[in-house]
Number of protein chains: 2
Amino acid sequence: MTADRLRFVLFLNGVFILAMALAMLVPAIVDFGAGNSRDAMTFASGFVVSAGIGVLLVAAFNQGDVDPKDSRTGLLVTVSAWLTATLIGAVPLYNSHLGISWTDAVFESASALTTTGSTVLFGLDQMPPGLLLWRSLLQWLGGIGIIVMALSVLPALRVGGMQLFRAESSDVSEKPFPKVRQIARNILIVYLSLTLLCAIAFDVAGMTTFDAVNHALTTIATGGMSTKDASIGYYSSLPIELVAIIFMLMGALPLAFYAVFLVNRGKRSTIEGQIKAFLLIVAAMTLACTAWNISQGMSPPTALRLSAFNVTSVITSTGYVTADFSNWGSFAMGLFFLLYFIGGCAGSTAGGIKIFRWQILFAGSGRVLRQMLFPNSLVPVRFQGRSVDDVAIGNVRNFFFLYLVTTLILSLLVMATGLDFLSSLSSVAQGMGNTGPGLGSLVGPATNFAAIPVAAKWLIAISMIVGRLELVTFLVVLQPWFWRR
Amino acid sequence: MTADRLRFVLFLNGVFILAMALAMLVPAIVDFGAGNSRDAMTFASGFVVSAGIGVLLVAAFNQGDVDPKDSRTGLLVTVSAWLTATLIGAVPLYNSHLGISWTDAVFESASALTTTGSTVLFGLDQMPPGLLLWRSLLQWLGGIGIIVMALSVLPALRVGGMQLFRAESSDVSEKPFPKVRQIARNILIVYLSLTLLCAIAFDVAGMTTFDAVNHALTTIATGGMSTKDASIGYYSSLPIELVAIIFMLMGALPLAFYAVFLVNRGKRSTIEGQIKAFLLIVAAMTLACTAWNISQGMSPPTALRLSAFNVTSVITSTGYVTADFSNWGSFAMGLFFLLYFIGGCAGSTAGGIKIFRWQILFAGSGRVLRQMLFPNSLVPVRFQGRSVDDVAIGNVRNFFFLYLVTTLILSLLVMATGLDFLSSLSSVAQGMGNTGPGLGSLVGPATNFAAIPVAAKWLIAISMIVGRLELVTFLVVLQPWFWRR
Ligand SMILES: [K+]
Ligand SMILES: [K+]
């Protein structure tokens with residue numbers, strides 16, 4: 001690990017801190033306008049301090065002679081950026097009038113930035129607008145970070161088979177980080193337009209403008225933080241639920257790849273297969289949940305409405321709720337638990353294992369079965385019209401292994417804090433998948449994560465970050481050999 | 001699928017049915033001696049009918065001109081043998097004085113033969129000896145079947161990476177089933193000797209001779225069925241628990257490979273790595289469980305004694321219990337849940353994912369992490385001193401995927417019968433791992449599987465057979481192309 005590289009990493013962290021400092025001005029102004037000078041000052045002083053630190057880092061470390069496309073640098077920038085952003089995001093929450101602990105502030109910030117959306121805060125309905133907007137902004141900014149990562153670091157470093165989504169088919173050189181800046185600009189346009197559209201739709205459907213803006217920021221990011229304790233359930237409005245369903249689905253589609261492909265006029269075939277599979281899974285799971293709810297005595301229209309919304313919300317890893325689905329009986333409990341793992345499309349802000357990996361895992365199983373009878377036959381594993389090479393299949397299978405093992409181990413550690421089996425397992429599974437609500441009476445949709453032990457909060461926050469970084473990105477930085485020259 | 005092949009499969013099934021018919025004579029004689037003529041007649045007539053069917057099949061179908069070492073034939077023989085044996089094993093249970101349903105009889109038989117050891121029967125302590133011995137014999141015979149399979153079909157068909165354990169290093173020809181008969185004879189000697197030793201040890205430690213024989217049969221097979229409702233806990237005897245611990249560990253070591261290697265004077269290095277890892281894991285898990293129990297207020301000696309026994313029992317997939325460990329608090333619950341998945345050594349009767357697969361999965365992850373920084377470096381995945389080829393790694397990773405996905409899907413189906421989340425998940429996980437007790441108040445160590453819905457019993461029985469057949473062996477026979485010419 002060269003000193004130059006570390007300097008460059010610190011420099012880039014300074015840039016990110018500056019960006020977050022600027023974002024703090026928004027809630028500062030809003031709270032000032034709303035007459036909540038207490039928190040307006042919090043955000044304003046947060047801006048001053050963060051901007052100071054940012055400027056200092058940028059000024060002090062802008063002299064490194066480092067190739068920004070080097071793998072080790074890219075990894076360090078990625079991992080440190082998420083940790084730094086989580087910390088900076090927590091500062092105004094800690095300093096606000098809420099008087100919450102550092103644990104809660106960091107949990108809330110990590111949950112927001114990773115677009116998980118789990119919360120430890122009650123009384124959102126009465127909260128001043130600045131804090132609510134800050135949470136929404138963190139989710140929206142986190143969403144951009146995720147998409148940039150999905151188009152640059154993840155494919156370049158072959159994270160969990162993401163090399164299948166290299167931004168340009170022409171760019172298969174060894175340079176790991178192609179055209180990050182141009183790509184980021186394209187995404188920003190798509191992302192901003194969708195957010196605007198979503199905000200208008202929520203507004204038309206009956207939300208206040210403030211709620212519409214907040215929910216638009218957290219819907220497109222599949223974040224799921226709300227301005228109401230009861231989440232979208234607060235509105236009891238079919239139009240609002242339909243708008244949310246449509247934009248949650250949009251958020252879980254491979255927006256980023258669309259953005260790039262539209263600009264580059266590249267082949268589109270590589271992104272369409274997962275969309276079809278994804279929508280089929282959403283439909284099948286909605287139907288299964290509807291059928292179960294009807295069998296449990298719910299009226300068919302209610303069953304369909306509640307199932308469609310909450311299934312879509314969990315599978316897109318948004319995490320809005322309109323009912324306590326962990327109270328719908330054992331099959332529903334199991335179904336939502338399974339949904340945590342499925343996830344959305346690659347190149348979106350959705351979490352979980354993701355559709356393309358499931359497609360490759362099942363196709364890979366088909367190959368294994370066939371080769372039992374015909375050991376010498378070549379059975380190509382096809383994904384969206386192309387043959388997938390063995391390295392990518394191996395990366396995907398290894399991702400599945402690490403995902404499940406990490407979930408089991410972190411759950412076990414959470415259980416060691418005294419939290420019960422279901423709460424622990426569902427908290428970690430939703431954290432790894434960046435979903436939002438847990439299952440059961442303690443951390444389920446009807447409540448939040450406020451009441452659980454401090455150590456459990458830290459472990460669940462870790463699960464969010466590890467899941468968001470798609471495991472290997474995080475794990476590689478923990479290896480001793482990563483730090484050797 | 002040629003008619004010749006089907007004839008050959010029916011012929012071999014006839015041989016297996018004949019063997020089981022002969023085994024029925026043992027409980028027939030024992031029950032006759034105990035004055036329980038009701039069940040003695042059940043077993044005697046079971047013998048007559050089974051022997052009749054067996055002779056008929058052998059006589060009618062002994063004319064096929066089939067290569068017994070052909071993959072498709074081997075698969076059909078394997079899968080059909082387990083299903084036939086389950087059915088034949090259930091007949092005397094159904095016809096006995098117990099008056100149980102076909103569901104319960106098939107569940108009990110599948111559980112016995114796959115050496116799972118879950119039971120739906122209460123009142124074992126008062127049960128006539130014939131039925132108890134029949135359950136123990138089924139476990140012991142199932143154990144032989146498993147070991148023969150582990151040395152022939154599984155390595156030949158590369159099931160979940162089992163090709164790493166080909167019986168002889170010289171035999172790497174394309175012939176899938178090398179020397180099945182000689183291997184079976186060697187195993188039988190080792191297996192019989194160990195059973196005898198175990199019976200003597202239990203007898204010396206204080207069991208009645210009948211109990212000692214039964215428990216020896218079910219310990220060496222890591223089966224876990226007992227002659228007491230309270231399992232080994234009934235005896236409250238440290239010597240008996242120590243004998244059980246030693247022989248459960250023996251049962252989970254790669255006995256079969258020892259047997260073969262001792263005779264062939266082969267290299268031993270391929271079997272020692274997993275033993276060391278296995279014993280380390282048992283020790284670590286015992287310590288973790290002991291520490292937790294002490295933290296919950298148990299006295300250190302009691303904590304150690306209970307933890308050592310029950311952890312060893314579950315990780316070896318035997319399933320004897322001396323306490324209701326699902327009542328020890330959340331961490332213990334999570335720990336035992338994890339143990340279901342770990343499993344023993346390949347080449348033993350133990351179930352679960354198995355130690356060598358974990359070793360390869362973790363080594364494979366290490367390679368993936370390293371190649372993120374050094375994409376062109378060759379990082380060998382080493383297992384017990386040898387480099388593992390990519391096909392084997394792929395098979396192991398795919399096994400892990402199928403194992404977890406099957407567990408999740410079967411659990412979800414069990415939940416659809418109305419069984420709660422914990423009972424469903426733990427029932428299927430223990431079934432897949434052929435362990436024995438579930439978790440929670442409904443299917444946990446303090447009770448058994450009698451009270452759950454009929455459909456759940458069938459699904460859990462399926463999980464036992466699918467787990468025992470190491471998934472792909474079962475799944476490949478379900479493929480339409482398997483049946484094409
Ligand atoms: K979310
Ligand atoms: K067992």
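Reminder, nothing fancy here: chain letters follow the sequence lines and each chain counts from 1. Every value quoted in this text rests on a predicted model; they were computed, and no experiment measured them.
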Options A:Gln371, A:Gln479, A:Arg158, ranked by heavy-atom pairs under 4.5 Å with chain B, top entry: A:Arg158

At a 4.5 Å cut-off on heavy atoms, which part of B:Leu338 comes close to chain A: side chain, backbone, both, or neither? side chain

Run the salt bridge (Lys or Arg N to Asp or Glu O under 4.0 Å) test against B:Arg397 and tell me which residues pass, sequence neighbours left out. none

Which value, rounded to the nearest 0.5 Å, describes the distance between A:Ile342 atom CD1 and B:Leu408 atom CG? 9.5 Å

Which bit of A:Ser365 is near chain B, if near means a heavy-atom gap under 4.5 Å: side chain, backbone, both or neither? both

Side chain / backbone / both / neither for B:Arg367 at chain A, heavy atoms under 4.5 Å: neither

I need the residue from A:Val476, A:Val368, A:Ile393, A:Leu373 with the largest number of non-hydrogen atom pairs under 4.5 Å to chain B. A:Leu373

Report which part of B:Val391 has an atom under 4.5 Å of a heavy atom belonging to chain A: side chain, backbone, both, or neither. neither

Grab the two heavy atoms, one from A:Gly334 and one from B:Met415, that are nearest each other, plus how far apart they are. CA-SD, 3.3 Å

Under 4.5 Å heavy-atom distance to chain A, tell me which part of B:Leu404 shows up: side chain, backbone, both or neither. side chain

Please work out whether the ring planes of A:Phe401 and B:Phe362 are parallel, tilted or perpendicular, with thresholds of 30° and 60°. perpendicular

Can you confirm whether more than 12 heavy atoms, excluding those of B:Leu378, are under 6.0 Å from its CG atom? no

Residue pair A:Val405 / B:Trp358: nearest heavy atoms and the distance that separates them: CG2-CZ3, 3.7 Å

Below 4.5 Å, heavy-atom pairs only: which of B:Phe400, B:Phe399, B:Trp292 has the largest tally toward chain A? B:Phe400

Under 4.5 Å to a heavy atom of chain A? For B:Leu335 that would be both

Who in residues 417-427 of chain B is close to chain A, using a strict under-4.5 Å heavy-atom cut-off? B:Gly418, B:Leu419, B:Asp420, B:Phe421, B:Leu422, B:Leu425

Check whether B:Gln296 gets within reach of chain A through its side chain, its backbone, both or neither, counting any heavy atom under 4.5 Å. neither

Among B:Gly364, B:Gly394, B:Ala288, B:Ser295, single out the residue with the greatest number of heavy-atom pairs under 4.5 Å to chain A. B:Gly394

Check each of A:Asn395, A:Leu475, A:Leu75 against B:Met372 using the side-chain contact (heavy atoms from CB on, under 4.5 Å) test, and report the only one that passes. A:Leu75

Hey, can you tell me if B:Phe374 and A:Trp481 have their rings parallel, tilted or perpendicular (30° and 60° cut-offs)? tilted

